[in-house]
Asker: 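Please see the structure below; I have some questions.
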Amino acid sequence: MRKKVALLLAAAMVAGAVSGCSGGGSTGKAAVNAGGGSSDNGGAEASEAAPVDPANYEVTEPITIKWWHALEDQYSATVDKVVSDFNNSQDLITVEAEYIGSYSKLNEALVAAHAAGTDLPALTVANTPYVAEYGAGGLTEDLTPYIEASGYDVEDFGDGMIEAAKYNGKQVSLPFLISTQIMYYNKDMADEMGITMPTTWDEMDAFMEKGTKKAADGTTEVYASIIPGWDQWYFETFYLNQGVKIINDDQVTTDLGDEKAVAIAQKIQDWCNAGYTYWTGTAEDASSNMRQNFISGKALSVVHTSSLYNNYVDQCDFEIGMAWLPGADTKKQEIGGCVLLIPSKNDQATKNAAWQFLQYLCSKDVNMTWAEGTGYMPTRKSVLETEEGKAFLEKKPAFQAIFDNLDLIYPRIQHKGWSQLATIWKNIMAEVMMENGDVPAGMEQMADEINDVLADA
């Protein structure tokens, strides 16, 4: 049963985008939800205005629905099996899964479909930073009445995970495949060099110098670490844990141009210039190039997502270690991965079917199976207390670094202008790091552009 559930989970994740739904699928019109209110506001008014009637959320007729996901090819067989098993488990709902591409590409497709009011999926994954943007734009269905109608246990999710799936206090999504930032390292090499992984930012200078191997001509043969630049999520906590506010309390300005932020960027550039690390930039092959350098022994460590643990283990011929990212005033990290949400403009029959499939994908058994087969984390608190949870750690002892710090994993920053902010941040950082640009000037330009975006959001 557990194997079957696991396969079902993977299939569901790979399932993705599609055009119109058949058998009572999306009409492309703003539907009136079961509570009596327009679904454009996520059903919030309806859920507040009237008691929940479970009958309004039942699936009563055969229906085919689409599920959009961002799972890559290595998960396709599992995704197919997961969806197939779900379809065979009941007679009314047929799920068709479609891989749309990366989170950013899926975001573009979803926003376009919502604006047009047509070709929406019944269910979709979404990278966690998009939750606020979707909630503010009325794209998401409020799941509160569905949760009440079915008695679904959301309290068992990790606190930070469930908060990351909310917008303005409304449960507009549920945690699905959750990860966090981690520093993978070559444990064999670290032991050979007598290196202990750094736990604080102040320890990074010594680590970078000791962990780098250079040739006689001064060129770098082994980097102490590699810092991803294609997604600001990977270097974001270096700033947050040193007190830099990416978005200030006024919600319209950033601290990224201030003295502390400039000092952090300057330190990273110094490491790059010394040959201790390199900045990957934002090119499409940046991730694969970084991975290959680590796999081939050209880097002692890399900063990446915990979800790729199995991928690294399968490809490396040395023992993989995982270390919490170096902290400072705090040592918090952020939730990564994706949530599941139901687009608000679908008709109620489509939403009801999507909710049934969503519950399945987020169930304890399926979640644990997915965690065992990938680097994604168990999302349920109760799972960690079970024999399955203990067995998980026995199979993946490196995850102890994450389990020891579960309470330090927080929701990502939510703001309507976040997507634009992140694009500006990573693009200017790439320019400064890869072209040895003027750090103070670059950070000042970045802050000015971000302030404009925040003020207009």
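When a residue number appears, it is its place in the shown sequence, counting from 1. Note: hydrogens, waters and symmetry copies are ignored here, and every other heavy atom, side chains too, is used.
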Asker: Under the salt bridge (charged side-chain N to carboxylate O under 4.0 Å, His left out) rule, what pairs show up with a residue in residues 246-260, not counting sequence neighbours?
Answerer: Lys245-Asp249
Asker: Give a yes-or-no answer on whether the side chains of Ser179 and Thr305 include a donor-acceptor pair shorter than 3.5 Å.
Answerer: yes
Asker: Any idea which heavy atoms bring Thr282 and Gly229 closest together, and the distance?
Answerer: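 Nearest pair, atom of Thr282 first, then Gly229: CG2-O, 3.5 Å.
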Asker: Quick one: list whatever passes salt bridge (charged side-chain N to carboxylate O under 4.0 Å, His left out) with Lys267, sequence neighbours left out.
Answerer: Asp205
Asker: With no hydrogens and no angle check, just 3.5 Å: does a side-chain donor-acceptor pair link Thr350 and Asp347?
Answerer: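 Side-chain D/A pair, Thr350 to Asp347: present.
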Asker: Could you pull out all residues at least two apart from Tyr410 that satisfy side-chain contact (heavy atoms from CB on, under 4.5 Å)?
Answerer: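 Here the qualifying residues are Lys332.
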Asker: Does the side chain of Thr200 come under 3.5 Å of the side chain of Asp202 through a donor N or O and an acceptor N or O?
Answerer: no
Asker: Can you measure from CG (Asn56) to CG (Asp53) and round to the nearest 0.5 angstrom?
Answerer: 4.5 Å
Asker: What heavy-atom pair brings Glu334 and Ile413 nearest, and what distance separates the two atoms?
Answerer: OE2-N, 4.2 Å
Asker: Just so I know, are the side chains of Phe403 and Leu393 near enough to count as touching, which here means a heavy-atom distance under 4.5 Å?
Answerer: yes
Asker: Hey, could you give me the NZ/CD distance between Lys166 and Gln414, rounded to the nearest 0.5 Å?
Answerer: 11.0 Å
Asker: To check you understand the geometry: which heavy-atom pair defines the closest contact between Gln356 and Phe86, and what is its length?
Answerer: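 Nearest pair, atom of Gln356 first, then Phe86: O-CE1, 4.2 Å.
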Asker: Would you please say whether a donor-acceptor pair under 3.5 Å links the side chains of Glu203 and Thr199?
Answerer: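 Distance-only check passes for Glu203 and Thr199.
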Asker: Answer yes or no: is there a donor N or O on one side and an acceptor on the other, between the side chain of Trp324 and the main chain of Lys331, under 3.5 Å?
Answerer: yes
Asker: Checking Ser225 now: which residues fulfil side-chain hydrogen bond (donor to acceptor under 3.5 Å, both in side chains) with it, not counting sequence neighbours?
Answerer: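 Ser225 satisfies side-chain hydrogen bond (donor to acceptor under 3.5 Å, both in side chains) with Ser301 only.
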Asker: Considering residues at least two apart in sequence or located in another chain, which fulfil the salt bridge (charged side-chain N to carboxylate O under 4.0 Å, His left out) criterion with Glu387?
Answerer: Lys390
Asker: Would you call the rings of Tyr184 and Tyr312 parallel, tilted or perpendicular, taking 30° and 60° as the class edges?
Answerer: tilted
Asker: With Ala164, which residues qualify under side-chain contact (heavy atoms from CB on, under 4.5 Å), at least two apart?
Answerer: Ile335, Pro411
Asker: Any luck finding a side-chain donor-acceptor pair between Glu431 and Asn427 under 3.5 Å?
Answerer: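 Glu431 vs Asn427: no donor-acceptor pair found between side chains.
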Asker: Quick one: does Ser307's side chain get under 4.5 Å of Met377's, heavy atoms only?
Answerer: no
Asker: Does one side chain, of Glu72 or Tyr99, offer a donor that lies under 3.5 Å from an acceptor on the other?
Answerer: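 Tyr99 and Glu72 do not have a side-chain donor-acceptor pair below 3.5 Å.
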Asker: More than 12 heavy atoms of other residues, nucleotides or ligands under 6.0 Å from CG of Asp314: is that the case?
Answerer: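 More than 12 within 6.0 Å, yes.
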Asker: Report yes or no: do Asn248 and Thr253 form a side-chain donor-acceptor pair below 3.5 Å?
Answerer: yes
Asker: Just by distance, do the side chain of His415 and the backbone of Ala132 share a donor-acceptor pair under 3.5 Å?
Answerer: no
